[in-house]
Structure formats: structure tokens, C-alpha cells
Protein chains: 2
Amino acid sequence: MINCSSSEDKIKDAAKRVFILKGFSGCTSREIARESGMNVALVNYYFRSKDKLFQIIFQAVLEEFMLSMFSVFSSDASLKDKIKILIEREYEFISKNPEIPGFIINELSRENKESSEVVEMLNKISASGVMKQAEEAQKKGEMRKIDIIGISLLVTSNCQYPFMAKSLLQKMNGLSDKVYLEYLETHKKNVTEMILTYLFPNPIIN
Amino acid sequence: MINCSSSEDKIKDAAKRVFILKGFSGCTSREIARESGMNVALVNYYFRSKDKLFQIIFQAVLEEFMLSMFSVFSSDASLKDKIKILIEREYEFISKNPEIPGFIINELSRENKESSEVVEMLNKISASGVMKQAEEAQKKGEMRKIDIIGISLLVTSNCQYPFMAKSLLQKMNGLSDKVYLEYLETHKKNVTEMILTYLFPNPIIN
DNA sequence: ACTTTATTTAAACACTTGTTTAAAACATGC
DNA sequence: GCATGTTTTAAACAAGTGTTTAAATAAAGT
């Protein structure tokens with residue numbers, strides 16, 4: 001497998017891998033250089049500092065993460081379908097990138113980092129009209145009274161946590177990687193049914 | 001406020017605070033020394049190394065965390081009540097120690113750390129008889145078919161994640177600390193109802 | 001060809017890291 | 001008093017940190 005991308009991209013790719021896996025303070029510039037096949041000076045030649053490089057990676061990962069999560073809101077599906085798809089998307093994305101949620105949450109709380117991506121996301125969500133859609137569904141008595149924050153909190157909690165706590169749960173129950181990930185697939189079915197029947201009870205409870 | 005505990009305890013207390021807040025690789029021995037009012041050499045005088053000190057802290061925090069979570073299992077309450085109390089306990093503990101779940105999960109996956117506490121916990125849980133209690137409840141058609149791992153995964157996901165993702169959620173929605181924590185209290189009610197009506201549906205679905 | 005610019009390298013820089021040393025201060029028992 | 005063992009300190013150590021330097025190489029422009 002030949003890597004024929006530019007030196008800058010090689011460093012960026014390696015940095016993404018290493019930062020996500022070990023966090024900013026858990027790795028060194030030299031480790032990133034080694035991982036990318038370059039040397040230390042090149043890292044700073046292209047990115048000026050470990051810190052600047054990290055900011056670039058972090059913003060990119062954050063955007064990828066948020067977009068994957070919430071792009072479903074701007075479709076024209078029904079609210080119930082949107083939530084069903086959202087759970088599906090979440091599980092799919094995190095299955096491929098299991099360390100990203102923890103990475104973002106950790107680094108975001110490391111110091112009070114200003115991140116334009118995060119605030120922009122809220123705007124995109126409210127611009128998608130999903131909040132009005134929720135209000136209408138509630139007025140019609142189709143959905144339980146709960147705001148969009150609560151809904152996404154329910155979804156992300158039940159989708160992200162099982163992957164984040166993999167190490168803990170695995171050790172507690174003595175499960176192999178394979179078995180644990182299989183288990184999470186059946187857990188997904190439980191989560192989906194639980195959330196949907198809670199949000200859209202029949203008959204409505206409110 | 002006078003701190004009249006021994007030097008060893010002062011260091012241990014400071015180490016606990018600093019490690020939980022910043023993680024093993026996010027802090028230095030000198031920071032722990034400063035935080036405890038001692039100097040660097042004393043840290044190693046009492047604990048031989050940063051690593052040994054960390055192991056001591058980590059095991060203690062882990063035990064505190066697991067015990068608080070699962071001691072409820074060995075009571076003689078009904079299964080439904082146990083789960084209700086478990087959620088209550090979780091929220092209470094994490095409200096007081098919001099960084100502990102993330103700390104444990106992060107450090108446990110930093111490298112494949114062997115931790116006797118974690119495996120011992122499983123034994124305690126199965127010794128409590130809660131698993132048989134669950135089986136019986138399922139046979140009687142009182143509870144949905146789901147194993148104890150799935151149940152605790154549901155509970156911990158919905159209790160721990162909202163605190164772990166505080167930084168992210170706060171920034172996304174522009175909420176102050178006070179408002180966010182208030183929000184989590186109403187979220188707790190949702191979570192409790194959601195989990196209980198899912199696990200104990202009426203009529204039973206299985 | 002030559003000049004200029006961009007890329008890459010090895011080496012060094014100043015500083016921080018975990019850890020150790022050796023001496024000082026303190027306590028306790030006689 | 002002195003001797004003994006414990007606790008505390010400042011200073012040092014080697015190794016590792018992020019970063020810079022200055023020279024070497026490659027690329028591009030004319």
C-alpha cells in the first residue's frame with residue numbers, strides 16, 4: 001500500500017489518528033512525525049505548532065461529527081422517521097469512528113475552548129425547521145412534550161455511550177471485541193424501540 | 001480552613017482532584033505537589049512514582065464508583081424499584097462527581113489496564129441474586145426480555161452521558177452551568193419514565 | 001545554464017518531565 | 001545532652017518536550 005499524498009496531508013492524517021486515539025496531551029509531536037513517516041521539523045514547518053495542528057484537526061473532526069449527526073434534520077421525512085434515521089446514522093457513524101465522541105467531549109472540556117462549529121450547528125438545526133415540526137407534532141398530540149435538546153440528548157446518550165464505555169463494559173462482563181460489538185447491535189434495536197415508543201406513545205399520554 | 005491531615009493524605013487528596021480533572025497524561029507530578037502544598041520529592045517519597053500514585057487513586061475511585069452504582073442490587077426491593085433507585089443513585093452520585101465516569105472510561109482505555117475491581121464487581125452483582133430475580137420477572141411476564149447487562153447499559157447511558165457531554169451540550173445550546181444542571185433534573189424524570197415503561201410495559205409485549 | 005523558491009533534514013535550543021540524591025529539619029527514646 | 005529514625009527540602013539528574021536554526025536537497029522560473 002503506497003501512500004502518495006503530499007507531506008502535509010500525511011502529517012494531517014497521522015495527526016488525526018494519533019490525536020483521536022490519545023488526545024492532545026497524550027501524544028507528542030515526534031509521535032505524529034514518526035506515524036506520518038516525516039520528521040519533527042516538518043510538522044512545525046507546515047503547521048507552526050502542535051497546538052495549531054491540533055486546532056485544525058479538532059475543528060475538522062468536530063464538523064464531520066456534527067454534520068453526520070444532524071444532517072438528517074433537514075430532510076423532509078416525518079419527525080418519527082427522522083429520529084429513527086438519526087439513531088441509525090449515529091450508530092453507523094460511531095461504529096466506524098468509535099473514539100470520536102469521547103475525543104470531542106474530552107478535548108472540548110480540557111479548557112474552555114471556543115468553537116465556532118458548535119454554535120453554528122445550533123443555527124443549522126433551527127434553520128432546518130425541525131423545531132417547528134416538533135412543536136406541531138406536539139400540538140397534534142402525536143409526540144410527547146419534550147424539546148429538541150431532550151430528544152437529541154436521548155439519542156446521543158443511548159448511541160454514543162455504549163461505544164465510549166466499551167473498555168469498561170467489556171472488562172466488567174469479560175466480552176471480546178467481536179462479542180461486544182455484536183451485543184451493541186441488539187442493543188440498538190432496544191434503544192430504537194425504547195426511544196420511539198417513549199416519544200410517540202399510543203395512546204398519547206401528555 | 002485549616003488542613004490538618006497528614007502529608008501523605010494531602011498528596012493523595014490533591015492527586016485525586018488533579019488526576020480526575022486532567023487525567024494521568026494531562027498533569028504533572030509538580031502540579032500535584034503544588035496543589036497539595038508539598039514539594040515534588042515528597043510525592044515520590046510517599047508513593048515511589050507518579051504511576052504508582054495514579055494506580056492507588058484510580059483503584060480507589062473505581063471502587064467508589066462501582067459500589068455506588070451497584071450496591072442497590074443487593075437490597076431486597078422489587079426489580080422495578082431497584083432500577084428506579086439505581087437511576088436515582090446514579091444521578092445523585094454523578095451530580096456530586098460529574099467527572100468520574102469520564103475519568104474512569106478514559107483511563108481504562110488508555111492502555112489495556114488490568115483492574116481487579118472491575119471483574120470483582122461482576123461477581124458481586126451475580127452474587128446479589130439480581131440476575132435470577134430478572135429471569136423470574138421475565139418468566140412471569142412482568143419484564144421485557146433483556147439481560148442485566150442491557151439494563152445497566154440503558155441506565156448508565158442515560159445517567160452518565162448527560163454529565164459527560166456537558167461541555168458539548170452547553171456550548172451547542174448556549175446554556176449556563178446552572179441552567180444546564182436544572183435541565184438535567186427534568187431530563188432525569190424523562191429518563192426514568194422512559195426506561196421503566198420500556199422494561200415493564202403494560203400489557204407485556206414479549 | 002543560473003536564480004529563486006519551496007521542501008526536507010539533522011542538530012541544537014531552552015524548557016519541562018519523572019525521578020533521585022544528599023543534606024537539613026524534625027521527632028522520639030534514652 | 002546525644003543518638004536514632006523519620007520527614008522535608010533544595011538541588012541535581014538524564015530523558016523527553018515543543019520549537020527553531022541553518023544547511024542540504026529538490027522544484028520551478030527565467
Side-chain angles (χ1 to χ4, degrees), chain A residues 1-61 103 106-108 110-114, chain B residues 1-61 103 106-108 110-114:
Chain A
M1 187 164 94
I2 297 163
N3 192 343
C4 55
S5 52
S6 73
S7 299
E8 188 174 348
D9 284 343
K10 281 191 219 165
I11 295 172
K12 222 145 80 169
D13 290 350
K16 185 179 172 185
R17 262 177 286 134
V18 176
F19 277 142
I20 287 179
L21 205 63
K22 308 198 170 185
F24 177 80
S25 53
C27 71
T28 70
S29 307
R30 282 170 176 80
E31 189 176 358
I32 293 172
R34 199 182 327 121
E35 186 76 12
S36 64
M38 310 282 107
N39 71 36
V40 211
L42 265 189
V43 175
N44 274 26
Y45 173 73
Y46 282 111
F47 300 97
R48 299 180 49 96
S49 75
K50 184 191 178 189
D51 219 89
K52 293 247 170 53
L53 173 56
F54 180 82
Q55 299 306 332
I56 291 171
I57 301 295
F58 183 76
Q59 291 300 327
V61 172
F103 168 69
N106 287 333
E107 298 298 336
L108 212 53
R110 188 161 49 87
E111 38 188 335
N112 270 13
K113 207 185 308 292
E114 279 296 319
Chain B
M1 186 165 96
I2 296 163
N3 192 343
C4 54
S5 52
S6 72
S7 299
E8 189 173 348
D9 284 342
K10 279 191 221 168
I11 294 171
K12 221 144 80 171
D13 291 350
K16 185 178 173 184
R17 262 176 286 133
V18 175
F19 277 142
I20 288 179
L21 205 63
K22 308 197 171 187
F24 178 79
S25 54
C27 72
T28 70
S29 306
R30 282 170 174 81
E31 188 176 358
I32 293 172
R34 200 183 325 121
E35 187 75 12
S36 63
M38 311 283 106
N39 71 35
V40 210
L42 264 190
V43 175
N44 276 25
Y45 173 74
Y46 282 111
F47 300 97
R48 301 181 49 94
S49 74
K50 184 192 178 188
D51 219 89
K52 293 247 171 49
L53 174 55
F54 180 81
Q55 299 307 330
I56 292 171
I57 301 295
F58 183 75
Q59 290 300 326
V61 172
F103 168 68
N106 286 334
E107 298 297 336
L108 212 53
R110 187 160 50 87
E111 39 189 335
N112 269 12
K113 208 185 309 289
E114 279 296 319

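In this text, all values refer to a predicted model and were calculated from it rather than measured experimentally. So that the names make sense, note that chain A is the first sequence line, chain B the second, and so on, each numbered from 1.
- Using a 4.5 Å heavy-atom cutoff, the side chains of N106(A) and R110(A) are not in contact.
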Q: Convert the base pairs of DNA chain C into dot-bracket notation, remembering that pairs crossing earlier ones are written with [ ] and that bases paired across to another strand are shown as |; include only Watson-Crick or G-U pairs under 3.5 Å.
A: ||||||||||||||||||||||||||||||
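- Residues Q55(B) and F47(B) are not in side-chain contact: their nearest non-hydrogen atoms beyond the backbone lie 4.5 Å or more apart.
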Q) What is the per-nucleotide protein-contact pattern of nucleotides 8-25 of chain D, from the 5' end, where B denotes a base atom under 4.0 Å from a protein heavy atom, S denotes such proximity for sugar-phosphate atoms only, and - denotes neither? A) BBB-B----BBBBB----
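- In this structure, F24(A) and D51(A) have side chains that are in contact, with non-hydrogen atoms separated by less than 4.5 Å.
- I32(A) places a side-chain heavy atom less than 4.5 Å from the side chain of F19(A).
- Distance check, rounded to the nearest 0.5 Å: CG of L21(B) to NZ of K16(B) gives 13.0 Å.
- Distance OH/Y45(A) to CG/N39(A): 12.5 Å, rounded to 0.5 Å.
- Of all non-hydrogen atoms in S36(A) and A14(A), the two that sit nearest each other are CB-CB, 3.4 Å.
- Distance, F47(A) CZ to dT8(C) P: 12 Å, rounded to whole Å.
- Between F54(A) and E107(A), the closest side-chain pair of non-hydrogen atoms falls below 4.5 Å.
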